[in-house]
Each structure stands twice: as C-alpha cells, then as structure tokens.
Amino acid sequence: QNPKVFFLEPTTHTLEHHCGAHLKKISQSHPQKSARYCLHHDKYAGVQELLLVMHRDSRFAPHRHPEYKSESLHIIEGAIGLGVFND
C-alpha cells in the first residue's frame with residue numbers, strides 16, 4: 001500500500017467543469033451574489049464540504065458555526081478577503 005495514493009469511496013460524487021459555470025451564472029443574479037453545491041449530506045454534517053461561487057460583489061456577515069462543524073477554504077479562482085474573530 002502506497003501512503004501517497006488515495007482512493008475515492010463508492011459514495012464519492014464528481015462535479016463537471018460546467019457545474020462551476022452554472023454556479024457563476026446563478027451567483028450574478030442572486031441577491032447574495034453567491035451559489036453553492038453542497039458535497040455533504042445535510043446541514044448537520046460534521047464537515048461542511050461544498051463548492052461555493054462568490055461574485056466579486058458578494059459579502060457574508062460575520063457568523064459563528066456550531067462546535068460540531070468545521071470549515072476550510074480552498075481558493076480555486078480569484079481572491080477573497082477573510083476576517084477571523086475570537087469570542
């Protein structure tokens with residue numbers, strides 16, 4: 001077994017390139033200027049994985065996640081401003 005080789009689980013789903021283009025189109029006309037495909041099964045999943053498209057004019061107010069959720073960001077295209085607050 002090679003420690004740098006990973007295999008997808010049978011429940012893994014893929015998104016095609018056109019899915020990102022579809023989200024971009026929706027984000028331009030949505031009031032929050034964003035759209036997403038959730039890769040987790042429901043809003044209670046411990047890890048919230050998703051493909052999120054944010055229009056350059058989109059803004060999210062500071063918010064807090066319940067302790068059972070974690071969040072990470074991977075910027076694929078563009079740039080983002082991010083603020084992290086403590087209690």
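One-based numbering along the sequence shown. Side chains are part of it too, since the values below use all heavy atoms of this structure and drop only hydrogens, waters and symmetry mates.
- Under the rule for a salt bridge (charged side-chain N to carboxylate O under 4.0 Å, His left out), Arg59 has no partner lying at least two apart in sequence or in another chain.
- Here Met54 is tied into one hydrophobic group with Leu50, Leu52, Phe60, Ile75, Ile80, each link being a pair of ILVMFWY side chains closer than 4.5 Å.
- Using a distance-only test at 3.5 Å, with no hydrogens or angles considered, a donor-acceptor pair links the side chain of Lys33 to the main chain of Gln28.
- Under the side chain to side chain contact (heavy atoms under 4.5 Å, CB included) test applied with Ser27, the options Arg36, Gln32, His55 reduce to a single match, His55.
- Pairs engaging residues 21-30 under the salt bridge (Lys or Arg N to Asp or Glu O under 4.0 Å) rule: Lys24-Glu77 [sequence neighbours left out].
- Panel note: side chain His22, backbone Gly20; no donor-acceptor pair is recorded below 3.5 Å.
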